[in-house]
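Quick note on labels: first sequence line is chain A, next is B, and so on, each numbered from 1.
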Amino acid sequence: MTLLPVLPVLVPLTTAVLSVALMRRSGWRTAVSVLGAALLLAAGVVLLTTVWQDGTMAVEIGSWPAPFGIVLVADPLSALMVVVTGAMGLAVAIYAIGDINGLNARHGFHAFFHLLLAGVAGGFLTGDLFNLYVWFEVSLIASFALLVCGGNKEQLAGAVKYAVLNLVATTLLLMAIGLLYGQTGTLNMADLSVRVAEVENPALLEAVALLMLLALGIKAALFPVFFWLPASYHTPPVSVTAIFSALLTKFGVYVILRLYSLVFPPEVFSLHPILTVVAVATMVAGVLGAAAQNEIRRILSFHIVSQIGYLILGLALFTPLALLGTVFYMVHNIVAKTALFLVGGIAERETGTSHLSRLGGLYRSRPRLALLFLLPALALAGLPPLSGFWAKFVLLKASLEVGSYGAALAVLAVGAVTLFSMMKIWNEVFWKAAPAEGPAADDTGARPATLAMFGAAAAVAMGTVVLGVWAEPLMTLAERTAGELINPEPYLRAVMGGRP
Amino acid sequence: MDFLFAILVGALVAGAVYLLLDRNLIRILFGLALLAGAANLTVFAGGRVIGLSPPVIAPGAVAASETAANALPQALVLTAIVIGMGLMIFFLTLAWRVFAAFRTLDTDALGAAETGTRPSPGTKGGNA
């Protein structure tokens, strides 16, 4: 089983290649796509159970020993993120059966979808900094192609903003990696965590760490560089938006978590308080932006930004409880947001519009859809017994324990405004009566949603309920993950094998 | 030598930021290209590539000589150049599609997709 960490990268790559080969046969291509996503989920689950039982494992690619070659490391956090990637990939692949029409699929939606999954899975599992940059670029190119899949004017405009800002981010990341290599002489993350203590000029190291935080902050949509996200996420088809919201920003957050606990822990990087300010500002800016929007997907895009703030807050506090909160919040948030986007997509598909002023009355005409919206919406806002409540409660308790009262106030206040925003969507889309005037000029035609779309959205929405009611397993896993983030001994041992 | 590299990278980044803030889409692309060049030079300089002999082990010796060039940053820069080339090709095609759809390269015209409003009066087509 020593090649197990390679599987989550190999399976989606193979699926992508097969999807290109099957570009003419839509039935086979869809089946291969769904099967590939299911295999990715299975590989992730096997990886997670193996890591849970046997501890962190590392694979040396090409059998080159650790600081010189590239290693793939599966620790509880990586394996958990791979499982969530597989689960959301499967849900969106099933949803895309109904959502992606023949034209988009012929232009390679499925191939780029699985390339995105491969890039993200590779990034989660890699233990080498430059390999991480390469996986960032793989997922970036795949996301470019998915963003313009379809090619209408809005998508092109959104793609330009997304492309420019993300290219600047990856170029800055490359600069920071080059400077870090120059100071420490290694690219292996485990080796770096040992070598950063021996750098002769710690101030330079902090400068490099800040540059890296800026680059990763652009990718993870932190304040004040998150504006590319609401400008571009609402333009492509709903399947694309859903998988972006599940994976892309969380990829950035994962890398920030990994680097700022393993390579730049608070002992080395004394600017962790900056992270607190950035986290609170992100939460507030995101939710205020959401409160001002009038279109379902733009509201949800701003909420992505706001929830990222919660994740970074856990990292900024850097206690075991806070990191537990971040890990739990990450899983909860991915599931809840994907559910919201999928349900919003069904609402948009069935009525032909996503503007709040032109929607209405869906509670009466589609009560099951209303329920499927209400559950993840309340989970996002943090009502018990759904998953968001536990996540916010842990973060609140962690910030109170540390004495960070401003952060605690922000957690509560932003949760309240999130609830307001979710209720705004509920009122406008589901509760109020349908508006009298007919379809407007830019409405797409209303078509019924297929069973695949409904089934996928229902499954993910039920996921938030399951995570909330049955939170114990995830809490235990998050606790162990947080422990290994604060004390990275198992990671170092798995990679370096006891070598100096 | 390192000082010259630093000045050069600084000048490239300054030029890149100036171009990235322009309205014309092609100037933004040039800015991205300059920024990528600056990043590659940074990796180059950080890796201390400047050496006097190639990174090979001479016959009979056990390790490379003291003055051998550092091979790893060269591999990193090669990878980054190729990745940058692929991304530039995509961005150029995107710019061409934007021109075909909007009939202008002025990025102010792209803002309408976000807010649904017209660009502010006084902005004409892109300045080529």
Please give me the minimum heavy-atom distance between Phe102(B) and Ala157(A), naming the atom from each residue.
CZ-CB, 4.2 Å
Minimum side-chain heavy-atom gap Leu35(B)-Met175(A) below 4.5 Å
yes
Is any side-chain heavy atom of Phe144(A) closer than 4.5 Å to a side-chain heavy atom of Leu87(B)?
yes
Atom group of Leu25(B) that falls short of 4.5 Å from chain A, counting heavy atoms:
side chain
Closest approach of Ala101(B) to Leu156(A) (non-hydrogen atoms, all atoms of both residues)
CB-CD1, 3.8 Å
Answer key: most heavy-atom pairs under 4.5 Å with chain B among Val160(A), Ile177(A), Leu173(A), Asn152(A) is Val160(A)
Let me confirm one number: the CZ-CD1 distance from Phe136(A) to Ile83(B), rounded to the nearest 0.5 Å.
12.5 Å
Side chain, backbone, both or neither of Val13(B) within contact of chain A (heavy atoms, under 4.5 Å)
side chain
CG on Leu174(A) to CG on Leu76(B), rounded to 0.5 Å:
8.0 Å
Using side-chain heavy atoms (C-beta onward) and a distance below 4.5 Å, is Leu32(B) in contact with Thr171(A)?
no
Other residues, nucleotides, ligands: >12 heavy atoms within 6.0 Å of Phe30(B) CZ
no
At their closest point, which heavy atom of Val164(A) faces which heavy atom of Leu20(B), and how far apart are they?
CG1-CD2, 4.1 Å
Where on Leu187(A) is there a heavy atom nearer than 4.5 Å to chain B: the side chain, the backbone, both, or neither?
side chain
Which heavy atom of Gly47(B) sits nearest to which heavy atom of Tyr181(A), and what is that distance?
CA-CE2, 3.8 Å
Where on Val148(A) is there a heavy atom nearer than 4.5 Å to chain B: the side chain, the backbone, both, or neither?
side chain
Using a 4.5 Å cut-off on heavy atoms from C-beta on, say whether the side chain of Val134(A) contacts that of Thr79(B).
yes
Toward chain A, the part of Ala95(B) with a non-hydrogen atom under 4.5 Å:
neither
More than 12 heavy atoms from other groups under 6.0 Å of CZ on Arg97(B)
no
Tell me, yes or no, whether the heavy-atom count around Phe91(B) atom CZ, taken from other residues, nucleotides or ligands under 6.0 Å, exceeds 12.
yes
